[in-house]
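Just below is one structure, and these are the notes that go with it.
Small disclaimer: the values here were computed from a predicted structure and weren't measured. Heavy-atom basis, side chains included; hydrogens, waters and symmetry copies ignored. Convention: sequence-line order gives letters A, B, ...; per-chain numbering from 1.
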There are 2 protein chains.
Amino acid sequence: MNDKRPIRATSGTNHEGTSAHNRRVIIDALRLNGALSRADLARATRLTKQTVSNIMEELENDGLVTSRETVRRGRGQPSTPYGLVPEGAFAIGLQIDRHITRAIAVDLVGNVLIRKEANLPAGGPVTGTPVVLQLVEDVRAELKQRVAQAEKRLVGLGVAMPGPFGIDQDDAENPWMMGPWQRFPLLETLSAGTGLNVTLQNDAAACATAERMVGAAHGLDHAVCLYVGYGIGAGLILGGELYRGARSNAGEIGMALLSAGGGKTVEHSASLASLYEHLGVDPMAPDIYALIDERAAANDPDILAWIEKAAVDLRWSVHLIETVFDPQTVILCGGAPAALATRLIEAMQPLLPSNADHAGRVLPRLQLGMTDPWAVARGAAAEPIGHAFDPRFSAILKS
Amino acid sequence: MNDKRPIRATSGTNHEGTSAHNRRVIIDALRLNGALSRADLARATRLTKQTVSNIMEELENDGLVTSRETVRRGRGQPSTPYGLVPEGAFAIGLQIDRHITRAIAVDLVGNVLIRKEANLPAGGPVTGTPVVLQLVEDVRAELKQRVAQAEKRLVGLGVAMPGPFGIDQDDAENPWMMGPWQRFPLLETLSAGTGLNVTLQNDAAACATAERMVGAAHGLDHAVCLYVGYGIGAGLILGGELYRGARSNAGEIGMALLSAGGGKTVEHSASLASLYEHLGVDPMAPDIYALIDERAAANDPDILAWIEKAAVDLRWSVHLIETVFDPQTVILCGGAPAALATRLIEAMQPLLPSNADHAGRVLPRLQLGMTDPWAVARGAAAEPIGHAFDPRFSAILKS
DNA sequence: CTTTTAAGTCAATTGTCTTGACTAATTTGT
DNA sequence: ACAAATTAGTCAAGACAATTGACTTAAAAG
């Protein structure tokens, strides 16, 4: 009789949901198209001139947009374009990797204002958390000093680290596995330690977030970022939003077995970890990025040999991504040095045939995205900005 | 000066968008939980009692819900549950396959009312379209005859056929490829021929739509249907909605090469096409479904041999799906006879290790979904219903 | 210099959800 | 038996945000 099964339902919405959505739509349009007049915005968003005017006034009061020079476009009253104010919002991005952590501050339009990094001591989160918290505080302090209003316009802290999350692993001994961090209540700890909204994603997802906000995926609804870093992963932009999966582990393509037998994965042959091993260099060397970049640029034969083998598996990865996700484009990105990434893309040509091969393509099947050690941190920082300002279904719902 | 670049933006919303969303949320809650009282609905959707009352009155007037027996649940006034009226809406589903076409009529809650099928003549859409149109008209006529109000409550025609779509293929000679149909302007032709809203999806997506509406994926936000039919595919429920990809070809896992070399795909070993070839039976035999079902149920050694080989590749497919999509569960479904599907699932145990293997799972990693020749048609029919009544981002947008 | 066209504002209106007070029906406790 | 507590549901007024149509402003075209 006492029927206490929980009732499952989507949340309803109300006027505030409507209004919030329309604000986001306008901010998104300005980010995507640059400065636009109220009339342009009204046409693009299908809202009335009056509604747009009201929202623009609000946004201007909130310091998120400003007017620009009026422009004359033929007959009729000249229009006044409005553009986003970079200082309208800030976010901090944090990357936690095996032996290093990086923090970054970005503004509303994705400009990077501050970069700081620190070495992570061995010992996992117990010894690492204080270092990480201090790094975030350093960035925050400098931001506060440089922009008076920054503190109250700080929308959150985005964290990125290698996945997968929530899987029971038997890796306590291997310093290159992140298991202790992945099992640690990082969100809660950082949230308590900073008082900020904290979100967590894996490094491939972070790269995809960055590419969507300011990179090759800007304005695309369907794009996959093939992330080549210490591991391999895919960041998924599906239907205009980052897709996380049920437990934030979607896109872990580097862990996919190449076939039913064997037990090999793409990570075995195409990750930077495999490159370091192939070259016999120490992954912890502080100048490793520059070193690899130089040797790749100089067409070092050892590197070329690795590239040949890696390209085979990466070519298959692109084929798989295209077959399974049907994206508009695939973007190669991550912590690989630019020279290496460029050569990888060259070596991957010609790509394997796939459904992506059709008449009427406008975007290349594979293109180069951000390849720098800070790409993941940038993406981590982009997440809170996108969360606060991008149009999304969940943003219209109540509570 | 004449700056005519198109402006890209998401559409805004208004009061009607709000109202439409809330209606959908309520209908969805009733489908998901069965009959609920106004007070229950208000709690579940976070709307106020009054708002729910207003919407319920509207829905009752529209003939979409009716009140049920009042129930006493402890202290307080007894509540009056409201449930969906099956006759509140109807849709027709159409499956087009190599040599057969099936049409089906369903109601708002997914009951199948009418089933009809016809053989498709060789010659592709030129000779096939009249047959298909006639079949749809037959179903429509019978529906009209059985339910007086059906015609004006018919929300659309959903079509499913094998993908991929829009790819240039060189297959004119092979009667088992659907190229001519896939290149034909089917949507436009059927829309003109019936006057209905027509949508198109591939057969795996259709199965996923059916599983989500009335099957194993009911109420799940992240589920992948591994479709085993004449071909192999995956229907993707991602973030609560069917995911189609940029060109409706997402999930074509059967076309994924098993590795960079070789050129083999899962379809080569695990599709019903491969089974028919293995057994040396004619795929066009009218009783093939019953035949395979019987032989599988009797543990025919030829069938068991095929199952052993197919299970290897399907096991890998499940591993890949779990690694790449991170779903709550994987559902095996499609046109495979029940006895065969059951044995396949058994033969696939134990599954390959993957990220889906973690403490605290509630759903099985792999489960059996709909396996009957009508599953695709059911899914095709479910699409227009879902389009008309499910809460979705695009439903709140203007125009 | 009048007409046409487009940007943008003003004031009144409309549609939808919210609020707070109310009624109705049932169980619990004395 | 009866008052108190609790829950379902309604009523009527109010609040909020988008809409409408008339108006003002400013430029180009004829």
Shortest non-hydrogen separation from Ile237(B) to Arg212(B) and the atoms involved
CD1-CD, 3.8 Å
Between Glu16(B) and Lys398(B), does at least one N-O distance fall below 4.0 Å, as a salt bridge requires?
no
Could you list where the contact with chain B starts and ends along DNA chain D, reading 5' to 3', using a 4.0 Å heavy-atom cut-off?
dA5(D) to dT19(D)
Output yes when Asp62(B) and Arg23(B) qualify as a salt bridge under the 4.0 Å nitrogen-oxygen rule, no when they do not.
yes
Chain A vs DNA chain C, heavy-atom contacts under 4.0 Å, first-to-last nucleotide span, 5' to 3', is dT4(C) to dT18(C)
For Arg146(A), salt bridge (Lys or Arg N to Asp or Glu O under 4.0 Å) partners two or more places apart
Glu142(A)
Name every donor-acceptor pair, under 3.5 Å, that has one atom in a side chain of residues 378-395 of chain B and the other anywhere in the protein, sequence neighbours excluded.
residue, atom, partner, partner atom, Å
Glu383(B), OE1, Thr199(B), OG1, 2.9
Arg392(B), NH1, Ser394(B), OG, 3.1

Got a sec? Which of residues 37-58 of chain A come in under 4.0 Å of DNA chain C, heavy atoms?
Ser37(A), Arg38(A), Ala39(A), Arg43(A), Lys49(A), Gln50(A), Ser53(A)
Can you pull the side chain to side chain donor-acceptor pair (under 3.5 Å) pairs that have at least one residue in residues 74-87 of chain B, sequence neighbours excluded?
Arg38(B)-Tyr82(B)
Indicate yes or no: does Arg73(B) engage Asp40(B) in a salt bridge with an N to O separation below 4.0 Å.
yes
By nearest-heavy-atom nucleotide on DNA chain C, the more 5' of Asn14(A) and Tyr82(A) is Tyr82(A)
Both Arg75(A) and Arg75(B) contact DNA chain C. Which one's nearest nucleotide lies toward the 5' end?
Arg75(A)
